[in-house]
Amino acid sequence: MQKIRKAVIPVAGMGTRFLPATKAIPKEMLTIVDRPTIQYIVEEVVASGIEEVILITSAGKSAIENHFDYDFQLDTVLKEKNKTTLREELNNISNLIDVVSVRQKEPLGLGHAIWMARNVVGDEPFVVLLGDDLVRSAVPCCKQMIELYNRVGESIVAIQRVPMDQTFQYGIVEGVETEQDRTFKVKRMVEKPAPGTSNSDMAIIGRYLLMPEIFDLLEKTTPGHGGEIQLTDALLALSNRRGMYAYEFTGRRYDAGDKLGYLKAIVDFALENPSLGDPFRQHLHKVLSTESQNN
Ligand code: G1P
């Protein structure tokens, strides 16, 4: 079994759902408590034993690359001012992991973005993490998938159950149970089915573990839903060719690409923060009790 060493993180999207906030900064740099969303994703990757991150970027995304880079000027200023703790914290970010970036020159879809990583990934299985999906769990979601891969040796998509009236927002999987806990053999999958056209509530969230054959299949994939080259369409072809598993991960997922999901992530992450949790909880209680008194 080949070791999973590389993670592809597509960050080329325009972030239109968060305009005007994302006019001049990438949506992946929006902050949750004290760090940008992309840092949570990279920390999950590091905690899962991955050695290299491949960012698929586009114009205007250099702030993400800079965030994980060493900043000599900033480091010198902090050193002169004896800001040792802050210096260490910043250097820890740049030492987290090796980061490579590849430009997606045209916005042709998620499938096309992943295909851009083919030369850097090469002939080995790898993981994909979408920056909009943040997962809080005792064992990182990516690690849960790698552990399952070590048992089943095939591609895996992470899923969660969603209400049937929301299936049109996701790639939806139909599958049959296996002997492995929370694991289904994929039978069919469809990207964003029209309401009422799917019987399954198993939605793909932004975590995938893929065999390198996906690149050949992506190359042959024609535009699908929304006129874009869809990863889900190539996944279906891969599942037909050599099998694939859908894994109901343990943990809580936040859609940080959606305003309400982003706010929920901020509140939950702040409540769990060791120094902010208690005063923030007290503040929330005050706000909510004033609100109920006024109603
Ligand atoms: C993408 C995938 C979709 C998946 C979703 C999870 O869609 O195409 O299959 O369910 O991520 O967040 P997007 O949300 O980028 O439109």
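Counting starts at 1 for both ligands and their atoms, following the listed order.
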Peer 1: Do side-chain atoms of Tyr170 reach the backbone of Pro193 as a donor and acceptor pair under 3.5 angstrom?
Peer 2: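 Not at all, since once roles are kept as given, no pair shorter than 3.5 Å links the two residues.
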Peer 1: Mind checking whether Val53 and Leu90 sit in one hydrophobic cluster, side chains of I, L, V, M, F, W, Y counted as touching below 4.5 Å?
Peer 2: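 Linked, Val53 and Leu90 end up in one cluster.
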Peer 1: Would a 4.0 Å cut-off, counted as strictly less than, catch a protein heavy atom around atom 15 (O) of ligand 1?
Peer 2: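 Within 4.0 Å of atom 15 (O) of ligand 1, no protein heavy atoms are found.
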Peer 1: May I ask you to check if ligand 1 and Gly171 share an N or O to N or O distance below 3.5 Å?
Peer 2: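 So ligand 1 has an N or O lying under 3.5 Å from an N or O of Gly171.
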Peer 1: Please tabulate, for side-chain N and O atoms in residues 181-188, each donor-acceptor pair with protein atoms closer than 3.5 Å (sequence neighbours left out).
Peer 2:
unit_1: Arg182; atom_1: NE; unit_2: Glu248; atom_2: O; d: 2.6
unit_1: Arg182; atom_1: NH2; unit_2: Phe249; atom_2: O; d: 3.4
unit_1: Thr183; atom_1: OG1; unit_2: Asp181; atom_2: O; d: 2.7

Peer 1: Between Asp69 and Glu65, is there a donor-acceptor pair closer than 3.5 Å when you use the side chain of the first and the backbone of the second?
Peer 2: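 Pair absent, no side-chain N/O of Asp69 close to backbone of Glu65.
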Peer 1: Near Arg253, which atoms of ligand 1 are under 4.0 Å from a heavy atom of that residue?
Peer 2: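 In order of number, 12 (O).
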Peer 1: Please could you name the atoms of ligand 1 that Asp133 approaches to less than 4.0 Å, counting only its heavy atoms?
Peer 2: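 Reading through ligand 1 atom by atom, the close ones are 6 (C), 12 (O).
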Peer 1: Just which atoms of ligand 1 are under 4.0 Å from any heavy atom in Thr232?
Peer 2: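 Matching atoms, with element in brackets: 9 (O).
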Peer 1: Indicate the ring-plane relationship of Trp115 and His112, choosing parallel, tilted or perpendicular according to the 30° and 60° boundaries.
Peer 2: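 Rings of Trp115 and His112: tilted, as their planes differ by 30° to 60°.
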Peer 1: Looking at Val11, Leu110, Val128, Val8, which one forms a side chain to side chain contact (heavy atoms under 4.5 Å, CB included) with Ile56?
Peer 2: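 Exactly one option meets the side chain to side chain contact (heavy atoms under 4.5 Å, CB included) with Ile56, and it is Val8.
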Peer 1: Among all protein non-hydrogen atoms, which one is nearest to atom 8 (O) of ligand 1, and what is the separation to 0.1 Å?
Peer 2: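 Minimum-distance protein heavy atom for atom 8 (O) of ligand 1 reads Glu191 OE2, 2.7 Å.
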Peer 1: Output yes when the distance from some N or O of ligand 1 to some N or O of Ile204 is under 3.5 Å, and no in every other case.
Peer 2: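 For ligand 1, there is an N or O atom that lies under 3.5 Å from one belonging to Ile204.
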Peer 1: Keeping to residues at least two apart or across chains, list the side chain to side chain donor-acceptor pair (under 3.5 Å) pairs with something in residues 133-146.
Peer 2: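 For residues 133-146, and leaving out neighbouring residues, the side chain to side chain donor-acceptor pair (under 3.5 Å) pairs sorted by first residue read Asp133-Arg253, Arg136-Glu272, Gln144-Tyr247, Gln144-Thr250.
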Peer 1: Please could you name the atoms of ligand 1 that Leu130 approaches to less than 4.0 Å, counting only its heavy atoms?
Peer 2: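 Numbered from 1, ligand 1 contributes 1 (C), 11 (O).
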Peer 1: If we set the cut-off at 4.0 Å for heavy atoms, which region of Gln169 has an atom near ligand 1: side chain, backbone, both, or neither?
Peer 2: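 For Gln169, no heavy atom sits under 4.0 Å from ligand 1.
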Peer 1: Mind checking whether Arg17 has an N or O less than 3.5 Å away from an N or O of ligand 1?
Peer 2: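 So ligand 1 has no N or O lying under 3.5 Å from an N or O of Arg17.
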Peer 1: Could you tell me which non-hydrogen atom of Ala270 sits nearest to which non-hydrogen atom of Val33, and how far apart they are?
Peer 2: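 Looking at all heavy atoms of both residues, the closest pair is N-CG2, 3.6 Å.
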Peer 1: Do any heavy atoms of Lys192 fall under 4.0 Å from ligand 1?
Peer 2: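 Distance cut 4.0 Å: Lys192 passes for ligand 1.
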